[in-house]
Amino acid sequence: MPEGHTIHRLARDQRPLFVGERLRVSTIMERFADGAALLDGRRLAAIDAYGKHLFYDFEDDVFLHVHLGLYGRVRSGHEPAPEPVGALRVRMETKASWLDLRGPAACDLLSPSERDAILARLGPDPLRADSEPERAYARIRKSRVSLAQLFMDQSVIAGIGNIYRAEILYRHGIDPFAPGTSLERATFDAAWTDLGKLMRAGVRAGRIVTTDPADRPKANGRVARGSSFYVYHRTGEGCRRCGAIVQSTLVAGRTLYWCPREQPSKA
DNA sequence: GCTAAATGTTGAT
DNA sequence: TCAACCTTTAGCT
């Protein structure tokens, strides 16, 4: 699930339930026992999302930092909370609501300066109003690394993941193997704006859909199963626009998907 | 029921 | 470049 849209959606949904409340915090995992004890009974001042990072800002300058990684999940609901089963890392509760966190890559207590250090290594986040896309373009334009890699790098663009990476490059006809130095300003600007739109739609829908209606099979208002993406996870299938066979290969340990005709190499 | 893969990152080699 | 980490699910049998 978790690209940036998931994280921002969690923050948005959790705020009205938990911010301003004094929380009961517990765990059934030894590794977070100390953390839970330290947080238990504290008031939560804010919940913030930056890229794929979630920060729970507790009183007295204690931040709970959560990164879902590949497997992390959050469930929440109205009390009573279900019987805890499996590896439940954190449960937070108010009188009315509960929230369970499982399988996160990161779940740590941080000081303000430790939190700032994490923020300092993140690029602009398309989902944040205060983001500065110029920073991303400056990084890309002076790098000879491939655009495929740059568009997954959290220090270049925070919150983008493998699906949005593949899909945004496709939507703008960008050759994923071209170096950062080759990306024209106008192409970047269009891709950035588009990425913001797609990710905001992802926050609203709770899932990623990058295909335009005209490129999807007809369905009554809904996005039909399996028609959400242009190239992601479509290796060997026909491109939705030109019919060319969608390709995939491993780039820096992650599978990159692209259409060789819509995203041609200029070299 | 089992295996592999997955929308991610870190740290060692 | 690769393994490790943590969990769920899809696709087999």
Set out, line by line, the N/O atom pairs under 3.5 Å between protein and nucleotides 7-11 of chain C.
none

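Rounded to whole Å, the distance from NE2 on A/H65 to P on B/dT10 is 9 Å. Rounded to an integer number of Å, the gap from A/L250 CG to C/dC2 C1' is 11 Å. Taking atom CG on A/L169 and atom C1' on B/dT7, their separation rounds to 15 Å, with Å as the unit. One interatomic measurement links the two molecules: CD1 of A/I157 to P of B/dG8, which rounds to 14 Å at whole-angstrom precision. We find that CZ of A/R165 is positioned 11 Å from C1' of B/dT7, with the value rounded to whole Å. Here the C1' atom of nucleotide B/dG8 and the CD1 atom of A/I118 are 14 Å apart, to the nearest Å. Note: CD1 (A/I160) to P (B/dT7) measures 14 Å, nearest angstrom. Computed from coordinates, the A/I163 CD1 to B/dT7 C1' distance equals 4 Å when rounded to whole Å.
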Quiz prompt | Verdict with reasoning, A/H5 to A/Y164, per ring-ring contact (aromatic ring centres under 6.0 Å, His included) | solution = CA-CA 10 Å; A/H5 69 296; A/Y164 281 123; 5.6 Å; yes
Quiz item: side chain to side chain donor-acceptor pair (under 3.5 Å) between A/E184 and A/T187: does it pass, once the steps are laid out?
Solution: CA-CA 5 Å; A/E184 289 176 23; A/T187 308; 4.7 Å; no
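Note on A/R207: nothing from the nucleic acid sits closer than 4.0 angstrom, heavy atoms only. Among the atoms of the strands shown, none is found under 4.0 Å from any heavy atom of A/Y164.
Here B/dT7 is the nucleotide among B/dG8, B/dT7, C/dC6 with the atom lying nearest to any side-chain atom of A/I208.
The phosphate of B/dT9 (OP1 or OP2) has a side-chain N or O of A/K52 nearer than 4.0 angstrom. Close to B/dT10, at under 4.0 Å from its OP1 or OP2, lies a side-chain N or O of A/R121. In terms of phosphate contacts, A/R254 brings a side-chain nitrogen or oxygen within less than 4.0 Å of OP1 or OP2 of B/dT7.
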Report all side-chain donor-acceptor pairs from residues 242-256 of chain A shorter than 3.5 Å, counting only partners two or more places apart or in another chain.
residue : atom : partner : partner atom : Å
A/Q247  : NE2  : A/I245  : O            : 3.0
A/S248  : OG   : A/T235  : OG1          : 2.9

Would you mind writing out the side-chain donor-acceptor pairs for residues 198-211 of chain A within the sub-3.5 Å range, not counting sequence neighbours?
residue : atom : partner : partner atom : Å
A/R207  : NH1  : A/S228  : OG           : 3.2
A/R207  : NH2  : A/V223  : O            : 3.4
A/T210  : OG1  : A/E167  : OE1          : 2.4
A/T210  : OG1  : A/S228  : O            : 3.3
A/T211  : OG1  : A/R216  : NH1          : 3.3
A/T211  : OG1  : A/S227  : O            : 2.7
A/T211  : OG1  : A/S228  : O            : 3.4

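Nucleotides C/dC6 and B/dG1, compared at atom P, are 25 Å apart to the nearest Å. To the nearest whole angstrom, the two P atoms, one in C/dG11 and one in B/dT7, are 14 Å apart. On the P atoms, B/dA5 is 15 Å away from C/dT13, given to the nearest whole Å.
Contact check for A/F55 versus A/I47: no side-chain heavy atoms found under the 4.5 Å cut-off.
Relative to the six-membered ring of A/Y137, A/R185 meets both conditions, a distance below 6.0 Å and an angle of at most 45° to the axis. A/F58 does not carry A/R42 over the face of its six-membered ring by the limits of under 6.0 Å from the centre and within 45° of the normal.
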